[in-house]
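No hydrogens, no waters, no symmetry mates; every other heavy atom, side chains included, goes into these values. Note on naming: letters A, B, ... go to the chains in the order of the sequence lines (proteins, then strands), and numbering restarts at 1 for each one.
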Amino acid sequence: MKEQLQDLIIKSLSDLIAKGLLSELPSKIRLDHTKDKTHGDYATNIALVLAKKIKSDPKKLAQTIVDQLGESALVKKTEIAGPGFINFFLSDESSNAVINDIIDSGDSYGMSTIGLGKSVLLEFVSANPTGPLHVGHGRGAAYGATVSNLLRTVGFKVDNEYYVNDAGRQMNILIVSVYLRYLALSGEKLRFPDNGYQGKYIIDIAESVFEMHGDKWRKSSSLVYKDVCKDGQQGGDKESHIDELIVRTRQLLGEGYEAIFRVGIESILGGIKSDLAEFGVNFEKWFLEQSLIDDGLAKISVDKLKKSGHIYPKDGALWFNTTEYGDVKDRVVVRDNGIHTYFASDIAYHLEKFERGYDKIINIWGADHHGYIVRVKASIAALNHDPNKLEILLVQFANLYRGGKKLQMSTRSGSFVTLKELRNEVGNDAARFFYILRKSEQHMDFDLDLAKSKTNENPVFYIQYAHARICSVFRQAVDKGIEFESQTADLSLLTEDSERALLKELSRYKSVIESSALQYEPHQLAYYLRDLATHFHSYYNICPFLIDDKKLSQARLLLITATKQVFVNGLSILGVSAPESM
RNA sequence: GCGCCCAUAGCUCAGCUGGAUAGAGCAACGGCCUUCUAAGCCGUAGGUCAUACGUUCGAAUCGUAUUGGGCGCACCA
């Protein structure tokens, strides 16, 4: 409908250009759904925009444009209002057309071809596999999965990907943490390092190691701690303490070190995978950082940068001159000990992503990584790819509150609420919905007490309830022996204010999907569904559906059938279920 | 100190990228269940859009400055 109206306006403007009354078409024509029904169904501000250019009275120009439009079956009437808006009132036939459109398209209503033929690589979550996902990761997971669904709905081919940081120092700290817990289980007395992973899950992993291997790798704790410097709380340095423990453990264990690593990563990554799957978040690919190292890609990428003259040695390390691309300082890619940095892996990873040939690459990062954007884009440019192909979406932290107090989240200290705990307490639907209800760049306060104790206040129930109510009406219809024939319904009978309002709200769905998808803003859809539910609940309270006037009843049933379909489609994009009864 | 994000009703947040009288939910107050689920509906009250300039027909939205909050500035990942 909107497209047809837009075409009409363009035609009118083109005719005016042909007559020499205008010089050029505006770059884009805004045609908006009106907020206020007295402003009709759609409104455009083109007269205001154009009048500015050609310095004429916007109201007069609006009138000229309207005159040129002439008659159309689409439009009942047009009005010029305010400073020069053109308001369009759709004819009943054209506004009713949305109903049949929804019914005919069914589950695919809302899909479009905007992204047809374009592929997107969407990387998100990518939490370090050093512990279970906590509620902070949940936001990225829900946001990413929903953006992915939205992009797919508008026609993009999207691959979801999780980058697993299974290499580097943190993995070693994990292994040592597990090993020390294992020693304790074997009967050794020892002091757990300040900087180790404190969570209970480490003990669980140590238990599986013990079950699988017995005390095969038991060493006396005096041997393990021999020559290791003092820990932070003992007046030493906690970083050196853990690093020396790593070296020591590796020496003592030999191949056992790798075996413990296997048990640890499989346990943690397995947990993350099932956690996300249960949350309705699925990935096409789990990309291992270690594979970049095994394939030598990190080294190859650094060599490529070297060849193009972006690398220079200093203080025994190799530096990438990212300042040339606007970074505040150059960055080390290979340390003086010959080991490449995390950044080097990331350069390789992004290069690899680009070489896979996607049209668009999107990374969803926690906002604490924003300082990283410039250098990653620098590496892309330096390797002769287009940095604009890479879009980085930042998700702000969710601050957790319990008992009115802000909780500090730290994987290291083991003090965090896991995503799984949250899902168990508030349910997947509420969690998915709550997470995306806030704009991603908005800081979000997640009050656990509220989410847990007063779940009825969560707007997701309000929407689901609307859907369940519609289902209930149809169950009653069956009980009463009322047959519903969607083909015979006469939509012109829908004349009540509340049903016109609901119908108008339904007609917004497609543009909401489009806008949510292209702006990566799932919250727009969430808010839309809530508004739709409001219109429905209001309608429900005013107009009965199962009534003696058979024709009117059929028309109303058709309207709520379409409404139900939009709920189903919209909720499915959000990853929220549409229960038939509540 | 430098950089990024943010500031809208008592609380939590929208505001369709510059449009018409700034909107929801919760909390508060008053109504609506012998008829399709009251997890609902209808109404009342609540705002100097952090502050000050500027840009123009028009600013919560854009620009500059100030204030206040979050985060980041490693040869960690």
Whole-Å gap separating [atom2] ([N]) and [atom1] ([X]):
| X | N | atom1 | atom2 | result |
| --- | --- | --- | --- | --- |
| E505(A) | G23(B) | CD | P | 16 Å |
| H33(A) | G23(B) | NE2 | C1' | 18 Å |
| D243(A) | C75(B) | CG | C1' | 13 Å |
| D330(A) | C73(B) | CG | C1' | 15 Å |
| H369(A) | A77(B) | NE2 | C1' | 8 Å |
| H535(A) | G40(B) | NE2 | C1' | 16 Å |
| E239(A) | C75(B) | CD | P | 14 Å |

Opposite nucleotide pairing with [N], Watson-Crick or G-U, both atom distances under 3.5 Å:
| N | result |
| --- | --- |
| U64(B) | A52(B) |
| C32(B) | G40(B) |
| A14(B) | none |
| G47(B) | none |
| C71(B) | G3(B) |
| G58(B) | none |
| A22(B) | none |
| A9(B) | none |

Which part of the nucleic acid does [X] contact within heavy-atom distance under 4.0 Å: base, sugar-phosphate only, or nothing?
| X | answer |
| --- | --- |
| A477(A) | nothing |
| D315(A) | base |
| N128(A) | sugar-phosphate |
| F343(A) | nothing |
| S538(A) | sugar-phosphate |
| H370(A) | base |
| D368(A) | sugar-phosphate |
| A43(A) | base |
| C543(A) | base |
| F85(A) | base |
| K329(A) | sugar-phosphate |
| I542(A) | nothing |
| F474(A) | nothing |
| N87(A) | base |

Quote, to the nearest angstrom, the [atom1] distance that separates [N] from [M].
| N | M | atom1 | result |
| --- | --- | --- | --- |
| U35(B) | C41(B) | C1' | 16 Å |
| G15(B) | U8(B) | C1' | 9 Å |
| G70(B) | A9(B) | C1' | 23 Å |
| U44(B) | A27(B) | C1' | 15 Å |
| C53(B) | G19(B) | P | 23 Å |
| G18(B) | A59(B) | C1' | 7 Å |

Between the side chains of [Y] and [X], is the shortest nitrogen-to-carboxylate-oxygen separation below 4.0 Å, so that they form an ion pair?
| X | Y | result |
| --- | --- | --- |
| K353(A) | E161(A) | no |
| E391(A) | K377(A) | no |
| E521(A) | K439(A) | no |
| K314(A) | D330(A) | no |
| D479(A) | R475(A) | no |

Is H39(A) stacked on the base of A20(B), with ring centres under 5.5 Å apart and planes under 30° apart?
yes
Aromatic-base stack, Y462(A) on A39(B), cutoff 5.5 Å, angle under 30
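The ring of Y462(A) is not stacked on A39(B).
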Side-chain N or O of [X] versus OP1/OP2 of [N]: is the shortest distance under 4.0 Å?
| X | N | result |
| --- | --- | --- |
| R469(A) | A38(B) | yes |
| H340(A) | C75(B) | no |
| T534(A) | A24(B) | no |
| K439(A) | U12(B) | no |

I want to verify a distance call: between A77(B), G15(B), C36(B), whose nearest atom is closest to the F545(A) side chain?
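The closest nucleotide is C36(B).
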Residue A81(A), side-chain atoms from C-beta onward, closest of C75(B), C36(B), A20(B)
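Out of C75(B), C36(B), A20(B), the nucleotide with an atom closest to A81(A)'s side chain is A20(B).
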Anti or syn - C57(B), cut at 90° from 0
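Anti for C57(B); the angle lies over 90° from 0.
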Syn-anti status, with the boundary at 90° from 0, for the nucleotide U17(B):
syn
Knowing that exactly one of D41(A), T34(A), T44(A), V66(A) qualifies, which makes a side-chain contact (heavy atoms from CB on, under 4.5 Å) with F88(A)?
T44(A)
L529(A), V460(A), I436(A), N428(A) screened by side-chain contact (heavy atoms from CB on, under 4.5 Å) with V576(A), the one that passes
V460(A)
Pick the closest RNA chain B nucleotide for I339(A) and for S581(A) by heavy atoms, then say which residue is nearer the 5' end.
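By nearest-heavy-atom nucleotide position, the 5'-most residue is S581(A).
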Taking CG in D548(A) as the centre, count heavy atoms belonging to other residues, nucleotides or ligands within less than 6.0 Å. Is the count above 12?
no
Lys/Arg cation over aromatic Y540(A): R469(A), 6.0 Å, 45° cone:
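Output yes; distance and angle both within limits.
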